[in-house]
Structure formats: structure tokens, C-alpha cells
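For the single chain, residues carry numbers from 1 onward in sequence order.
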Amino acid sequence: MKNNRWMLAMVLLATASMAISACSIAVDRNPDGSLRLEVNLPESTIQEEITAALNDPLITDLQVDLRQGYIFVTADRKRVLGDETDLLSFRLDLGTHDGHLTAVISDAKINDEPVNDAYVEVWNQRLAQRLEEAAKRNPDSSLQSVSVGDDALNFIWRIETPRSKGE
């Protein structure tokens with residue numbers, strides 16, 4: 001009975017989270033009692049999270065293109081001095097390590113010139129953190145996998161329960 005209430009609470013929490021964040025969420029129970037949570041972040045949410053992670057007021061009109069296995073990002077970037085705008089582009093590959101999301105930007109360019117590696121490193125950290133937080137719904141969860149689909153990011157989480165912990 002206690003497990004049924006807990007499962008009902010999880011489903012209600014997942015449904016509320018989905019409604020708030022426009023994510024789709026599916027919950028299944030694993031044989032050991034843990035939960036398998038599948039979260040799909042739509043392209044619009046991904047775009048918002050990348051924009052926020054870059055945290056650069058000079059970047060405008062950021063667009064994401066979900067491709068087979070990676071995300072291609074383009075944006076306009078206003079110059080600090082003058083009215084000119086440059087084109088920023090990069091490839092974003094996502095993965096998992098120790099239950100957390102990893103983000104690796106490659107081929108980052110502004111007007112076909114390489115972006116400073118120090119900026120790219122900061123962006124990698126911020127992107128991984130923001131996208132993981134956008135998809136994560138439980139502190140007892142660990143990220144099992146992430147994949148890029150045609151119109152969404154797909155996250156698979158393992159959520160520990162009292163049963164899977166042996167409690």
C-alpha cells in the first residue's frame with residue numbers, strides 16, 4: 001500500500017512537472033524497485049536553456065537544430081562597439097558520466113574564426129548543468145543516458161526508491 005501511494009505521488013509529480021515545463025515524461029518500475037523515468041525536452045526548452053547557459057546579453061536570435069546525435073547551434077552576436085552583428089555557431093554533443101550530463105562544444109566559431117577556448121569551457125559547464133536541471137525531477141536520480149532526437153532531447157533517469165535501497 002505504501003509503495004502504491006509513493007508511485008501515485010511520483011506519477012502526479014511527473015505529470016505536474018510535465019505540464020509546467022512542457023516536457024513529456026514516462027515512468028516505469030525496474031525489477032529492483034527503482035523507477036525508470038524518461039524525460040523528453042522539446043526543442044523550445046533546449047533553446048531557452050542554451051540561451052540562459054551562455055549568459056551573454058550580446059547574443060540574440062539563438063537557434064538550435066537537433067541533428068543525428070548532436071545539436072547544432074547558431075546565433076547572432078552583437079559587437080560591443082558599433083552596430084555590427086557576427087554569426088556564432090557551434091556543435092554541442094551531450095553524454096553521461098557518473099550519473100550526470102556532460103556537454104562538449106566543438107567547432108565553436110564567430111564569423112568562421114575559432115572562439116576562445118576559455119569561453120567554450122565555461123559554456124560546456126553551464127550547458128550541462130542547465131540542461132540536466134531542466135530534465136531532472138528527483139534528488140535520488142542518476143542520469144543513465146541522453147540522446148538527441150529529431151525534435152527533443154531524451155533523458156533516461158534511474159530513481160532510487162526505498163525498495164531499491166533495501167529499506
Side-chain angles (χ1 to χ4, degrees), residues 1-56 59 62-75 90-108 118-167:
M1 185 72 161
K2 184 177 179 182
N3 283 341
N4 288 340
R5 279 194 203 137
W6 190 86
M7 182 66 163
L8 177 61
M10 280 302 300
V11 170
L12 290 174
L13 176 62
T15 303
S17 297
M18 181 177 66
I20 292 170
S21 67
C23 298
S24 67
I25 299 173
V27 180
D28 294 310
R29 185 170 295 280
N30 294 318
D32 69 352
S34 65
L35 298 177
R36 179 183 183 274
L37 186 70
E38 184 173 341
V39 178
N40 289 303
L41 287 182
E43 200 169 281
S44 59
T45 301
I46 298 162
Q47 191 166 306
E48 291 169 11
E49 294 302 327
I50 291 174
T51 299
L54 295 180
N55 193 26
D56 185 340
I59 292 177
L62 185 132
Q63 300 294 316
V64 298
D65 182 11
L66 302 180
R67 298 185 177 177
Q68 189 64 24
Y70 68 96
I71 302 169
F72 186 72
V73 178
T74 58
F90 59 85
R91 174 184 170 135
L92 175 61
D93 289 280
L94 301 173
T96 61
H97 181 70
D98 288 336
H100 294 283
L101 183 69
T102 60
V104 178
I105 292 174
S106 59
D107 203 27
Y119 287 120
V120 173
E121 183 61 31
V122 170
W123 290 347
N124 284 336
Q125 292 170 356
R126 287 182 185 164
L127 285 168
Q129 182 180 9
R130 291 213 46 115
L131 290 172
E132 182 172 332
E133 287 174 4
K136 189 173 187 175
R137 300 287 177 232
N138 188 301
D140 288 332
S141 62
S142 61
L143 184 61
Q144 302 295 298
S145 68
V146 61
S147 59
V148 179
D150 291 337
D151 59 356
L153 282 180
N154 176 268
F155 294 86
I156 306 288
W157 298 89
R158 175 186 168 88
I159 301 175
E160 296 300 333
T161 64
R163 181 175 152 202
S164 68
K165 293 178 185 178
E167 296 174 1

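Scanning all heavy atoms of the two residues, the minimum distance from A152 to P42 falls at CB-CA, 4.2 Å. Residues G33 and S164 come closest through the heavy atom pair C-CB, 3.9 Å. The two atoms that bring T96 and Q144 nearest to each other are OG1-O, 3.8 Å, heavy atoms only. Minimum heavy-atom separation, Q47 to L62: NE2-O, 3.1 Å. D150 and E43 get closest at one heavy-atom pair: O-OE1, 4.1 Å. Summarising the geometry of E132 relative to L101, their closest heavy-atom pair is OE1-N, 2.8 Å, with the distance given to 0.1 Å.
Residues L153 and N40 fail the side-chain proximity criterion, which asks for heavy atoms closer than 4.5 Å. Taking the side chain as every heavy atom from C-beta outward, F90 and V73 approach each other to under 4.5 Å. Side-chain contact between L131 and L94 is present, with heavy atoms from C-beta onward closer than 4.5 Å. Within the 4.5 Å cutoff, side-chain heavy atoms of I71 are placed close to those of I46. Looking at heavy atoms from C-beta onward, R126 lies out of side-chain contact with N124 at the 4.5 angstrom threshold. The side-chain heavy atoms of L127 and L92, taken from C-beta on, include a pair separated by under 4.5 Å. A 4.5 Å side-chain heavy-atom check between R163 and R29 finds at least one atom pair inside the cut-off. Residues Q63 and T74 meet the side-chain proximity criterion, which asks for heavy atoms closer than 4.5 Å.
Between R130 and E49 there is a salt bridge, since at least one side-chain N of the basic residue sits less than 4.0 Å from a carboxylate O of the acidic one. Using a 4.0 Å cut-off between charged side-chain N and carboxylate O, R67 and D93 make no salt bridge.
Of the inter-residue distances, the one linking S141 atom OG with R36 atom CZ reads 14.0 Å to the nearest 0.5 angstrom. How far CD1 of I105 is from CH2 of W123: 6.5 Å, rounded to the nearest 0.5 Å. To the nearest 0.5 angstrom, L41 atom CG is 5.0 Å from F155 atom CZ. A distance of 12.5 Å separates CG in L54 from OH in Y119, rounded to the nearest 0.5 Å.
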From CA spacing to verdict: side-chain contact (heavy atoms from CB on, under 4.5 Å), I50, V64: CA-CA 9 Å; I50 291 174; V64 298; 3.7 Å; yes
Evaluation steps, side-chain contact (heavy atoms from CB on, under 4.5 Å), between I156 and L37: CA-CA 6 Å; I156 306 288; L37 186 70; over 6 Å; no
R158/D32 under salt bridge (Lys or Arg N to Asp or Glu O under 4.0 Å): CA gap, chis, key distance, verdict: CA-CA 11 Å; R158 175 186 168 88; D32 69 352; 2.4 Å; yes
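D65 CG: more than 12 foreign heavy atoms inside a 6.0 Å radius.
A cation-pi contact links R91 to Y70, judged by a cut-off of 6.0 Å to the six-membered ring centre and 45° from its axis.
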